[in-house]
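Here is the structure we will look at, set down as structure tokens.
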Amino acid sequence: MNWETLPNHDVLSDRAAEIFLEAILRVLGLPTGRTPVRMYERVVAACGRAYHCFRDVVTFNLDEYVGIERTYPGSYYTFMKRHLFDFVDINPANAHLPNGAAADVEAECTRYERDIAAARGLDLTLLGLGSNGHIAFNEPGTPFDSRTRAVALTESTRAANAALFGEDVPTHAITMGIATILESKSIVLLASGDKKRQAIEHLRSGEITEEFPASALWKHPDVTVLVA
Ligand code: GLP
């Protein structure tokens, strides 16, 4: 039994309302990539529009490419529409992705952080894993106190994500920072397949280093890693 002693009935009521609202208002951090595709299929199958699963849900995607319109086939916005948003009753105003085509990318990153804060922070964030240990687009060497910002993609990450771009793979992306992700109340990381084996073993080793971004998750009290 966890006990919280509050100074008076009003503060007690604030706290009770907070617990109440946390149970019904969910703010989710969402990933893209090949790994979560089948998870989205199952979510859509379980929560077709009729079930109103997403009526009160707010989502923030982890990242988006810089310099492409959101309607471009390779954009993460298009990915999310194709795999989730078009099939559930989410209010489009509640489905957030960074705007990679923003004229002022820095202002866009600040706005994104502000929007997450205005939604009272992320409750649950789902993550994929890059084979070099990146989470979202936080590449090796990213400070653990990083926040949403524009980053240059490594050649290996560009190659891994080239399929939808042909010759013109974007060079930059906007990504939530590691600190942004770690502020999520709980985190679930998904990793599957031989290409992730080495990264999973590195994560499992427990060594915490900025050279391996996913290792920051060891600093968080509520992380679940799903491996297959
Ligand atoms: C991209 C995304 C990451 C994702 C990673 C792994 O770099 N920005 O968020 O986790 O790819 O993708 P996949 O699941 O396709 O291996």
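Heavy atoms only: backbone and side chains are in, while hydrogens, waters and symmetry mates are out.
Not counting sequence neighbours, the partners of D89 by the side chain to side chain donor-acceptor pair (under 3.5 Å) test are H52. In this structure D222 satisfies the salt bridge (Lys or Arg N to Asp or Glu O under 4.0 Å) test with no other residue, sequence neighbours excluded. Residues forming a salt bridge (Lys or Arg N to Asp or Glu O under 4.0 Å) with R42 (at least two apart in sequence, or on another chain): none. The side chain to side chain donor-acceptor pair (under 3.5 Å) check on E211 picks up nothing, with sequence neighbours excluded. Residues forming a ring pair (Phe, Tyr, Trp, His ring centres under 6.0 Å) with Y40 (at least two apart in sequence, or on another chain): none. N61 is linked by a side chain to side chain donor-acceptor pair (under 3.5 Å) to nothing, counting only residues two or more places apart in sequence or in another chain. Take R15 and apply the side chain to side chain donor-acceptor pair (under 3.5 Å) test, not counting sequence neighbours, and it matches E4, E18.
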Give the table of side-chain donor-acceptor pairs shorter than 3.5 Å for residues 172-190, with sequence neighbours excluded, one pair per line with atom names and distance.
| residue | atom | partner | partner atom | Å |
| --- | --- | --- | --- | --- |
| T175 | OG1 | F137 | N | 3.0 |
| T180 | OG1 | E113 | OE2 | 2.7 |
| T180 | OG1 | G177 | N | 3.2 |
| E183 | OE1 | R147 | NH2 | 2.9 |
| E183 | OE2 | R147 | NH1 | 3.1 |
| E183 | OE2 | R147 | NH2 | 3.4 |
| S184 | OG | T125 | N | 3.2 |
| S184 | OG | T125 | OG1 | 2.9 |
| S184 | OG | S186 | O | 2.9 |
| K185 | NZ | D123 | OD1 | 2.8 |
| S186 | OG | D123 | O | 3.4 |

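Applying the salt bridge (Lys or Arg N to Asp or Glu O under 4.0 Å) definition to pairs two or more places apart or across chains, none involves residues 127-146. Residue pairs meeting the side-chain hydrogen bond (donor to acceptor under 3.5 Å, both in side chains) criterion with at least one partner in residues 68-83, sequence neighbours excluded, are Y65-Y76, S75-T78, K81-D86. For residues 95-112, the pairs satisfying side-chain hydrogen bond (donor to acceptor under 3.5 Å, both in side chains) are E108-R111, R111-D115, with sequence neighbours left out. A ring pair (Phe, Tyr, Trp, His ring centres under 6.0 Å) check over residues 179-211, counting only residues at least two apart or in different chains, returns the pairs H202-F212.
The pair R38-E41 does not meet the salt-bridge criterion, since no charged nitrogen lies less than 4.0 angstrom from a carboxylate oxygen.
You'll find the side chain of P31 stays beyond 4.5 Å of the side chain of F79, heavy atoms only. Contact of the V57 side chain with the V88 side chain is not registered, since no non-hydrogen atoms from C-beta on lie closer than 4.5 Å.
With hydrogens and angles disregarded, no donor-acceptor distance shorter than 3.5 Å links the side chain of R26 to the backbone of D56.
Just one of N94, V27, I90 meets the side-chain contact (heavy atoms from CB on, under 4.5 Å) condition when paired with T59; it is I90.
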